[in-house]
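Below is one structure, written out as structure tokens; comments come after it.
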Amino acid sequence: TRFISTFRVTLVKDKNVCFEQCRLSNSAQAQPIIRKLIEQHGQSDREQFCVLLLNAKNEIIGLNIVATGTVTSAQVCSREVLKPAIIANSAAMILSHNHPSSDVSPSQDDIEITKRIIQAANIIGIQVHEHLIISMQEDRYYSFADNGIIKRMYDEIG
């Protein structure tokens, strides 16, 4: 006789982040929420890759810091990005990360990871609305959606 482990998957509430805006309709509303998450629960001097988890009405149901990296990069795995979205029963999500250098221009790696996450999320029915790159020192950000990149990536996968 051999014993096989059984597992129970649960969502564990870690902490709270207080904010007024609960329903998002554009990237400008998401950016301060990400900044606050990183300032209060992350490490703003290093790259942090975060997700905002949304329900079908685009109301925020959770936040998660997926990866903490170095001053110039963070290793991001699609599976780790999707895990909190699946567990929280998210209908959609907003990807985001900070650039400690304050240069909010996307790198080729930023574009590639966004494309991989969109492809993986599409398969399991989770919509990626946005990927924001934010500056922690200035009130600046780069929006993949506002620049047409998210739509183009969805168009490419059909």
Side-chain angles (χ1 to χ4, degrees), residues 7-44 47-69 74-99 104-107 109-136 138-158:
F7 296 95
R8 181 172 36 108
V9 177
T10 60
L11 182 65
V12 178
K13 181 173 141 182
D14 188 21
K15 299 174 183 157
N16 290 315
V17 176
C18 182
F19 53 90
E20 289 77 36
Q21 191 68 36
C22 175
R23 189 174 185 166
L24 301 177
S25 58
N26 61 53
S27 56
Q29 293 172 333
Q31 181 258 354
I33 294 168
I34 296 297
R35 174 181 275 121
K36 191 171 189 176
L37 172 67
I38 293 171
E39 286 172 346
Q40 292 184 359
H41 301 287
Q43 298 173 335
S44 61
E47 200 165 292
Q48 308 268 267
F49 195 96
C50 309
V51 290
L52 265 78
L53 309 172
L54 307 170
N55 66 16
K57 295 178 181 179
N58 289 330
E59 296 167 337
I60 300 170
I61 57 174
L63 304 165
N64 185 252
I65 297 175
V66 176
T68 299
Q75 293 287 84
V76 179
C77 171
S78 299
R79 180 176 68 189
E80 297 304 313
V81 172
L82 293 173
K83 190 185 302 182
I86 292 167
I87 293 172
N89 289 322
S90 301
M93 62 183 171
I94 294 174
L95 311 175
S96 61
H97 71 282
N98 64 315
H99 278 179
V104 294
S105 305
S107 68
D109 285 345
D110 294 336
I111 293 167
E112 289 303 315
I113 190 61
T114 305
K115 188 175 191 174
R116 285 198 312 271
I117 293 167
I118 285 174
Q119 290 168 340
N122 189 57
I123 290 168
I124 59 172
I126 297 175
Q127 182 77 27
V128 175
H129 289 326
E130 176 67 276
H131 186 167
L132 296 173
I133 301 172
I134 66 168
S135 166
M136 297 302 290
E138 304 166 38
D139 191 25
R140 294 185 315 115
Y141 66 94
Y142 181 90
S143 163
F144 281 58
D146 293 350
N147 285 284
I149 296 171
I150 299 290
K151 182 185 180 319
R152 188 177 73 234
M153 289 178 178
Y154 273 105
D155 288 347
E156 287 174 8
I157 60 175

Worksheet item: Atom SG of Cys50 and atom CZ of Arg35: how far apart are they, to the nearest 0.5 Å?
Response: 12.0 Å

Discussion item. Please determine whether a side-chain nitrogen of the Lys or Arg among Lys115 and Glu112 lies less than 4.0 Å from a carboxylate oxygen of the Asp or Glu.
Written reply: no

Worksheet item: Hey, what do you get for NZ (Lys151) to CG (Asp146), rounding to the nearest 0.5 Å?
Response: 14.5 Å

Worksheet item: Hey, does Ile134 have a side-chain heavy atom less than 4.5 Å from the side chain of Val104?
Response: no

Worksheet entry | Inter-residue atom distance Asn64.CG - Leu52.CG, 0.5 Å rounding | 10.5 Å

Worksheet item: Met136 versus Ile38: any side-chain heavy-atom pair under 4.5 Å?
Response: yes

Worksheet, complete the sentence: With Phe49 as partner, the option from Ile65, Asn98, Leu95 fulfilling side chain to side chain contact (heavy atoms under 4.5 Å, CB included) is Leu95

Worksheet item: Considering only heavy atoms from C-beta outward, does the side chain of Tyr142 approach that of Asp110 to under 4.5 Å?
Response: no

Worksheet entry | Heavy-atom closest contact (Leu53 atom, Ala85 atom, distance) | CD2-CA, 3.7 Å

Worksheet item: Could you give the distance from CD1 (Ile118) to CZ (Arg152), rounded to the nearest 0.5 Å?
Response: 10.0 Å

Worksheet entry | Ionic contact status for Lys57 with Glu59, cut-off 4.0 Å | no

Item to complete: Measure across Ala121 and Val128 and return the closest heavy-atom pair with its distance rounded to 0.1 Å.
Response: CB-CG2, 3.9 Å

Discussion item. Rounded at 0.5 Å granularity, tell me how far CD in Gln43 sits from OG1 in Thr68.
Written reply: 5.5 Å

Discussion item. Taking His97's backbone N and O only, do any of them form a donor-acceptor pair with Glu47's side chain (distance below 3.5 Å, no angle check)?
Written reply: no

Item to complete: Specify the closest pair of heavy atoms between Ala30 and Ile94, including all atoms of both residues, with the distance to one decimal.
Response: CB-CD1, 4.0 Å

Discussion item. So which atom in Ile126 and which in Ala92 form the shortest heavy-atom distance, rounded to 0.1 Å?
Written reply: CG2-CA, 4.0 Å

Item to complete: Please lay out, stage by stage, how Ser90 and Leu54 fare under the test side chain to side chain contact (heavy atoms under 4.5 Å, CB included).
Response: CA-CA 5 Å; Ser90 301; Leu54 307 170; 6.0 Å; no

Worksheet item: For Asn26 and Glu130, what are the C-alpha separation, side-chain angles and deciding distance, and is it a side chain to side chain donor-acceptor pair (under 3.5 Å)?
Response: CA-CA 9 Å; Asn26 61 53; Glu130 176 67 276; over 6 Å; no

Worksheet entry | Audit row: Leu63, Val51, side chain to side chain contact (heavy atoms under 4.5 Å, CB included) steps and yes/no | CA-CA 6 Å; Leu63 304 165; Val51 290; over 6 Å; no

Discussion item. Before you tell me yes or no, could you show the steps for Gln29 and Ser25 under side chain to side chain donor-acceptor pair (under 3.5 Å), namely the whole-Å CA-CA distance, both residues' side-chain angles and the distance that decides it to 0.1 Å?
Written reply: CA-CA 7 Å; Gln29 293 172 333; Ser25 58; 3.2 Å; yes

Practice prompt. For Tyr154 and Asn122, run side chain to side chain contact (heavy atoms under 4.5 Å, CB included): C-alpha distance rounded to whole Å, both residues' side-chain angles, the deciding distance at 0.1 Å, then the answer.
Written response: CA-CA 9 Å; Tyr154 273 105; Asn122 189 57; 3.9 Å; yes

Worksheet item: Do Leu37 and Gln48 touch side chain to side chain, with heavy atoms closer than 4.5 Å?
Response: no

Discussion item. Before we go on, tell me: are the rings of Tyr141 and His99 under 6.0 Å apart, centre to centre?
Written reply: no

Fill in: Chi angles and distances behind the side chain to side chain contact (heavy atoms under 4.5 Å, CB included) call for Arg116, Val76
CA-CA 10 Å; Arg116 285 198 312 271; Val76 179; over 6 Å; no

Practice prompt. Please round to the nearest 0.5 Å and tell me the distance separating atom CD1 of Ile60 and atom CD1 of Ile33.
Written response: 3.5 Å

Worksheet entry | Pairwise side-chain contact, Ile124 with Leu82, heavy-atom cut-off 4.5 Å (strictly under) | yes

Worksheet item: Relative to each other, are the rings of His131 and Phe144 parallel, tilted or perpendicular (30° and 60° limits)?
Response: parallel

Fill in: Contact summary for Ala145 and Ile150, nearest pair of heavy atoms
N-CG1, 3.6 Å

